[in-house]
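In what follows, a structure is listed as structure tokens, so that the remarks can point back to it.
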Amino acid sequence: MGGLVCDVADNMGWHAQHYVHASEFISNHGEEMDVLVLDLMMPDLDGVEMIRLLAGMESKISLILISGVDKSVLHSAQELAFEHKLNIIGTLQKPFLPHELRNMLSGIKAVSSAVVAHKKHGDEFSISKSDLQTAIDQKQFIAFFQPQVALGNMSVIGFEALMRWQHPQRGLIPPNRFIPQAEEFGLIDEMTWQLFDQIAADWKKYNLQQTVSLNMTAGMFKDLGLPDRLYGIGSRHQFVNNAQIVLEVTESALMDELTRSLDNLTRLRMKGFHLSIDDFGTGFSSMLQLYRAPFTELKIDQSFVMRMEKDTEARTIVESTINLAHNLNMKVVAEGVETASILNHLVKLGCDSAQGYFIARPMPIDDAMQWMHDWRIKKSR
Ligand code: C2E
Ligand code: CA
Ligand code: CA
């Protein structure tokens with residue numbers, strides 16, 4: 001097998017070297033190699049130990065795992081590598097064909113440039129409570145909108161609102177950089193309400209009929225005044241169709257709080273708001289919880305959607321989520337749709353709607369309106 005790997009790699013212009021022992025690889029080359037095709041079964045150190053070792057070295061090597069053991073072991077090893085933030089390209093079950101390895105190796109450039117791009121944003125700066133408070137006062141938090149299309153006829157049915165910090169010096173800051181701090185300092189509610197107010201004004205201005213999905217923290221569902229407050233924002237902007245508002249909460253955040261929020265969730269549904277479970281598949285909701293809570297939509301986590309064509313387990317999760325949701329009378333949105341082929345695959349699986357870079361990236365409201373106009377023209381051709 002080592003010979004086959006080397007042949008394929010050599011033919012593609014890589015310089016390849018085969019080692020039987022992990023220790024040889026580490027002492028000889030560890031750092032300077034670009035790609036490691038790692039067999040989980042090795043004589044001295046097994047593949048799992050090797051993954052830990054690479055993680056300890058904070059290795060940036062692109063990793064392909066191969067194994068003759070059963071598929072679920074290979075899959076767990078892959079998950080372990082993900083957890084350790086290793087740059088894993090894929091897995092191959094032995095025996096595999098040369099073209100399967102070739103496909104994986106040919107994708108490597110793209111992956112490493114994504115890593116480089118990721119690094120560039122890594123210049124951490126600390127955010128204090130007063131930084132966030134000033135930003136609230138100066139209305140620096142704005143919403144970007146990412147379209148969702150119905151997979152039946154590709155019409156635009158809604159937009160997810162995603163928060164951005166328009167920082168006067170640092171430019172546009174993505175939510176993962178400031179939302180955890182906003183939660184820690186207890187400012188997230190205020191920021192969220194400010195955002196909703198802007199969004200309602202945008203919907204009124206453009207007289208939009210589409211839904212808008214709002215990201216909520218689980219804590220907000222404990223506030224008994226929530227339904228009235230949401231309704232209040234809508235009516236202030238004469239945008240009062242509650243059914244146009246989809247409240248998203250992540251599966252993991254919600255499940256801890258579910259029993260305490262159940263009354264509020266029910267009241268929100270009674271008033272017509274839609275409720276959506278975000279990042280579905282990454283939390284631990286039980287069938288009973290799903291059955292009890294009045295959710296109208298599941299959003300399949302993007303990690304499964306992105307991997308669904310390369311990874312049978314991910315595809316199974318996508319498929320069963322679609323079936324589960326439909327059996328419970330819920331709609332399903334697939335997030336993280338990055339290719340036409342995944343989009344087509346989701347259509348075949350009967351998924352209701354999709355959101356992702358292949359359709360459009362999140363954008364400011366004016367761009368989103370222009371995009372929708374262009375999309376309609378493109379669709380009617
Ligand atoms: P999320 O709610 O799961 O939002 C989806 C994220 O995936 C967005 O990142 C979106 O830009 C990104 N995305 C969409 N399509 C694709 C794709 O095809 N490929 C890839 N690689 N990514 C895609 P973003 O905007 O950076 O938001 C990150 C997270 O921040 C959100 O994840 C959400 O949990 C949180 N967030 C955003 N806005 C708010 C907000 O107003 N309130 C709260 N509490 N959280 C928010
Ligand atoms: Ca979301
Ligand atoms: Ca999500």
Side-chain angles (χ1 to χ4, degrees), residues 110-111 113-115 117-118 121 132 135-136 140-149 158-166 172-200 202 211-221 223 226 230 233 245-254 257 274-283 295 297-309 318 321 332-343 346 353-364 367-368 371:
V111 172
S113 65
V115 171
H118 181 73
H121 286 104
L132 290 175
I136 295 174
Q140 290 169 3
F141 296 107
I142 55 167
F144 268 34
F145 298 92
Q146 188 178 34
Q148 296 180 336
V149 299
F159 292 89
E160 177 173 4
L162 294 154
M163 205 187 291
R164 300 286 181 265
W165 182 356
Q166 183 71 69
L172 210 59
I173 305 176
N176 295 337
R177 299 285 303 281
F178 61 85
I179 285 187
Q181 289 86 335
E183 290 195 37
E184 186 189 323
F185 297 133
L187 292 173
I188 187 70
D189 285 19
E190 199 178 342
M191 286 158 58
T192 310
W193 286 114
Q194 197 182 60
L195 204 73
F196 291 179
D197 210 47
Q198 290 172 31
I199 294 168
D202 289 338
T211 58
V212 61
S213 298
L214 307 172
N215 288 288
M216 311 284 286
T217 57
M220 295 180 89
F221 288 99
D223 169 14
L226 179 65
L230 276 169
I233 287 190
I245 299 185
V246 184
L247 304 173
E248 291 189 6
V249 62
T250 61
E251 186 188 22
S252 45
L254 184 75
E257 308 278 350
H274 285 284
L275 300 170
S276 174
I277 307 187
D278 203 356
D279 301 347
F280 187 77
T282 60
F295 284 93
E297 178 183 280
L298 287 186
K299 290 186 93 169
I300 313 178
D301 190 62
Q302 40 183 282
S303 60
F304 305 115
V305 176
M306 283 171 185
R307 288 190 235 162
M308 68 183 277
E309 295 202 304
V318 171
T321 305
V332 201
V333 185
E335 239 185 346
V337 177
E338 290 191 349
T339 65
S341 138
I342 291 185
L343 188 80
L346 289 162
S353 51
Q355 185 183 334
Y357 291 173
F358 176 69
I359 301 158
R361 288 182 178 254
M363 52 205 150
D367 296 353
W371 174 89

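Source: prediction; values computed, not measured. Just so you know, ligand 1 is whichever comes first in the structure, and atom 1 is the first atom listed for that ligand.
Note on ring orientation: taking the six-membered ring where Trp is involved, the planes of W371 and F159 are perpendicular (angle over 60°, cut-offs 30° and 60°).
When rounded to 10 degrees, the angle formed at the Ca ion (ligand 2) by OE1 (E248) and OD2 (D278) equals 90°.
For atom 32 (O) of ligand 1, the nearest protein heavy atom is 4.0 Å or more away. Closer than 4.0 Å to atom 19 (N) of ligand 1 lies at least one heavy atom of the protein.
Within E160, the N, O or S atom lying nearest to the Ca ion (ligand 2) carries the name OE2.
If you look at Q302 next to ligand 1, the close heavy atoms, those under 4.0 Å, all belong to the side chain. Only the side chain of L195 comes within 4.0 Å of ligand 1, counting heavy atoms alone; its backbone N, CA, C and O stay farther away. In D279, the part holding a heavy atom less than 4.0 Å from any atom of ligand 1 is the side chain.
Polar contact check, D278 against ligand 1: a nitrogen or oxygen pair lies under 3.5 Å apart.
Between the Ca ion (ligand 3) and D301 there is no N/O/S contact shorter than 3.0 Å. The Ca ion (ligand 2) has no N, O or S atom of T250 inside 3.0 Å of it.
One side chain, S276 or E297, offers a donor N or O that lies under 3.5 Å from an acceptor on the other. Under 3.5 Å, the side chains of Q355 and Q148 contain a donor-acceptor pair of N or O atoms.
In plain terms, the two heavy atoms of E338 and F358 that are nearest each other are C-CB, 3.4 Å.
The protein heavy atom nearest to atom 10 (C) of ligand 1 is L162 CD1, 3.9 Å.
Near V337, meaning under 4.0 Å from any of its heavy atoms, are these atoms of ligand 1: 18 (O).
Residue pairs satisfying the salt bridge (charged side-chain N to carboxylate O under 4.0 Å, His left out) criterion with at least one member in residues 183-200, sequence neighbours excluded, are listed as follows: D197-R236.
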